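Nothing here was measured: the structure is a model prediction, and the numbers come from that model.
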Amino acid sequence: MPLFTNADVTMEYERHGDPEGRPVFVHHGMLGSAGIAPQWGELATDAGVSLITVARPGYGQSTPVAMQSIADWAALLAPLADNLGLPRFSALGISSGAPYCYALAAALPDRLDRVAVLAGVGMVNEPETRAHYPEEAQRTFETYAQMPETDVRKQWFENLTVGLAQMPPEHPLRRPLTDSIAHEAAGPAREWVLQQRDWGFDLRTLSTPVTLWHSLADDQVPFAAAEIVAAHIPGAVLHEQAEPGHFPSEPTVRAALSLLGQ
C-alpha cells in the first residue's frame with residue numbers, strides 16, 4: 001500500500017481503475033479505509049477514471065491529526081495531489097466523506113473539476129438538518145457535541161472491537177472495520193466530533209459543479225438532509241439513488257463515475 005509523508009503526517013492511499021483516466025480522490029465513509037470493492041475498480045476503468053482512495057487521518061496507516069474543522073482537510077490532501085503530479089482532479093464522497101469533498105471545493109476551486117456525493121451526510125451541526133433525524137440520532141449528536149474526543153474515541157474503539165471479533169474472516173467490511181479501529185479508533189472519533197462543529201466554510205460559496213445521489217429510503221441519512229445541502233450549493237444537482245438504502249447501488253456508482261470521467 002503506497003504511503004505519502006509530508007511534515008510528519010503519513011497518508012495511506014491506493015490507486016484503482018484506469019491509470020490514464022481522469023483522477024478522482026475517493027473519500028470513504030465513517031467506517032472506511034484506502035481500499036475499495038473490486039467492482040469499483042472495474043467500473044472506474046469502464047468510465048475512464050483513475051481512483052485515488054485515501055485513508056483519512058487516523059484510519060489504517062494514516063497518521064492521526066488534530067483538526068479544528070473539516071476545512072483543514074484541503075491542506076492535508078493538496079500535498080498528496082502535488083506529489084502525484086495532479087494539478088487538477090475531482091472528488092467522490094461517500095456518506096461521511098461528503099463534507100471533505102465540499103472542503104476541497106471551498107479551498108481549491110482552481111484545482112477541483114467536479115464533486116460527486118453518494119448518500120452524503122448532512123449538516124448535522126445545524127438545527128434545521130438535525131430536526132429531520134430520529135430523536136435517538138438527535139440525542140447522539142448532542143452527546144457527541146459535548147463529549148471530549150478522548151471519550152468518543154474510547155467508546156468507538158470498544159464498540160468496533162466487539163464488532164470485528166464477531167465478523168467472519170471473509171466479510172467484505174472486515175478491512176474497513178479493521179482500518180477504522182487503527183490508532184484506537186482515532187478516525188471515526190474525529191469524524192463524529194468534527195461533524196458537530198462548524199465545518200469551517202460556507203456551502204453557498206462553492207463554484208465547483210456538485211452532483212448528489214441519495215435514496216428516499218436512506219435509513220441513516222434522511223433524504224431531507226441531502227435536499228438542504230443541495231439547496232445551499234449553487235447549481236447543485238440532486239438525483240434519487242437507483243435503489244433504496246444508505247449504501248450506493250451499482251447503477252448509482254456507475255452514474256457517478258461516468259459523470260466524473262467526462
Side-chain angles (χ1 to χ4, degrees), residues 16-17 24 26-33 35-44 46-47 49 51 53 90-102 114-141 144 159-160 163 166-168 170-177 180 188 191-192 195 203 209-233 235-261:
H16 302 270
V24 175
V26 179
H27 296 70
H28 59 73
M30 183 69 68
L31 300 181
S33 71
I36 57 172
Q39 300 93 316
W40 282 58
E42 296 168 4
L43 294 174
D46 292 343
V49 168
L51 296 179
T53 56
S90 291
L92 172 62
I94 306 158
S95 191
S96 291
Y100 294 88
C101 295
Y102 304 142
R114 296 177 185 272
V115 169
V117 171
L118 308 179
V121 68
M123 297 181 290
V124 295
N125 59 317
E126 297 188 355
E128 180 188 8
T129 294
R130 288 201 302 270
H132 291 283
Y133 280 78
E135 290 186 6
E136 182 178 356
Q138 293 185 46
R139 288 194 294 270
T140 300
F141 295 147
Y144 281 131
N159 292 338
L160 294 180
Q166 298 173 345
M167 185 173 286
E170 302 304 320
H171 196 286
L173 294 180
R174 190 169 183 84
R175 179 179 175 187
L177 193 58
S180 298
E191 302 282 87
W192 267 101
Q195 283 183 19
L203 290 173
V210 176
T211 305
L212 306 90
W213 284 262
H214 211 98
S215 170
L216 286 169
D218 193 318
D219 59 352
Q220 296 187 39
V221 180
F223 189 81
E227 290 182 307
I228 293 172
V229 168
H232 277 66
I233 301 174
V237 177
L238 173 60
H239 297 292
E240 183 180 347
Q241 185 173 298
E243 295 177 8
H246 183 64
F247 295 100
S249 58
E250 181 176 317
T252 298
V253 175
R254 188 183 295 278
L257 293 177
S258 176
L259 176 69
L260 295 172

Just wondering, do L259 and W213 contact through their side chains at under 4.5 Å, heavy atoms? yes

Grab the two heavy atoms, one from L92 and one from W40, that are nearest each other, plus how far apart they are. CD2-CZ3, 3.7 Å

What heavy-atom pair brings A236 and L212 nearest, and what distance separates the two atoms? CB-CD1, 4.1 Å

Output the distance between atom CD (Q166) and atom NE2 (H171), rounded to the nearest 0.5 Å. 11.5 Å

Quick check: do Q39 and V253 have side-chain heavy atoms less than 4.5 Å from each other? no

Would E170 and R174 pass as an ion pair if we require N to O under 4.0 Å? no

Can you see which heavy atom on A47 is nearest to which on S258, and at what distance? CB-N, 4.0 Å

To the closest 0.5 Å, what do you measure between OG (S96) and NE2 (H27)? 12.5 Å

Reported OG1-to-CD1 distance for the pair T53 and I94, which is rounded to 0.5 angstrom: 9.5 Å

Is there a donor-acceptor pair under 3.5 Å between the side chain of Q138 and the backbone N or O of Y133? yes

Do T140 side-chain atoms and E136 backbone N/O form a donor-acceptor pair below 3.5 Å? yes

Closer than 3.5 angstrom, by distance alone: can the side chain of H239 be matched with the main-chain N or O of T252 as a donor-acceptor pair? no

Applying side chain to side chain contact (heavy atoms under 4.5 Å, CB included) to F247 and Q241, what does each step give before you reach the verdict? CA-CA 9 Å; F247 295 100; Q241 185 173 298; 6.0 Å; no

How are the rings of F141 and W192 set to each other: parallel, tilted or perpendicular (split at 30° and 60°)? tilted

Would V24 and L257 satisfy side chain to side chain contact (heavy atoms under 4.5 Å, CB included), going step by step from the backbone distance to the final call? CA-CA 9 Å; V24 175; L257 293 177; 5.7 Å; no

Taken to the nearest 0.5 Å, the spacing of H232 NE2 from E128 CD works out to 6.0 Å

Looking only at heavy atoms, which two atoms of R254 and L43 are closest? And how far apart? NH2-CD2, 3.1 Å

Please tell me if the side chains of V221 and H214 come closer than 4.5 Å, counting only heavy atoms from C-beta onward. yes

Side chain to side chain contact (heavy atoms under 4.5 Å, CB included) between D218 and H246, intermediate numbers included: CA-CA 5 Å; D218 193 318; H246 183 64; 2.8 Å; yes

What's the shortest heavy-atom distance between G35 and R175, and which atoms? CA-NH1, 3.4 Å

Whether S215 side chain and G245 backbone form a donor-acceptor pair below 3.5 Å: yes

Nearest 0.5 angstrom please: L118 CG to T211 OG1, how far? 10.5 Å

Looking at L31 and S180, what are the two nearest heavy atoms and their distance? CA-OG, 3.3 Å

Mind running side chain to side chain contact (heavy atoms under 4.5 Å, CB included) on M30 and Q195 for me, showing each step along the way? CA-CA 11 Å; M30 183 69 68; Q195 283 183 19; 3.6 Å; yes

Once rounded to the nearest 0.5 Å, what's the spacing between atom OH of Y102 and atom CE of M123? 9.0 Å

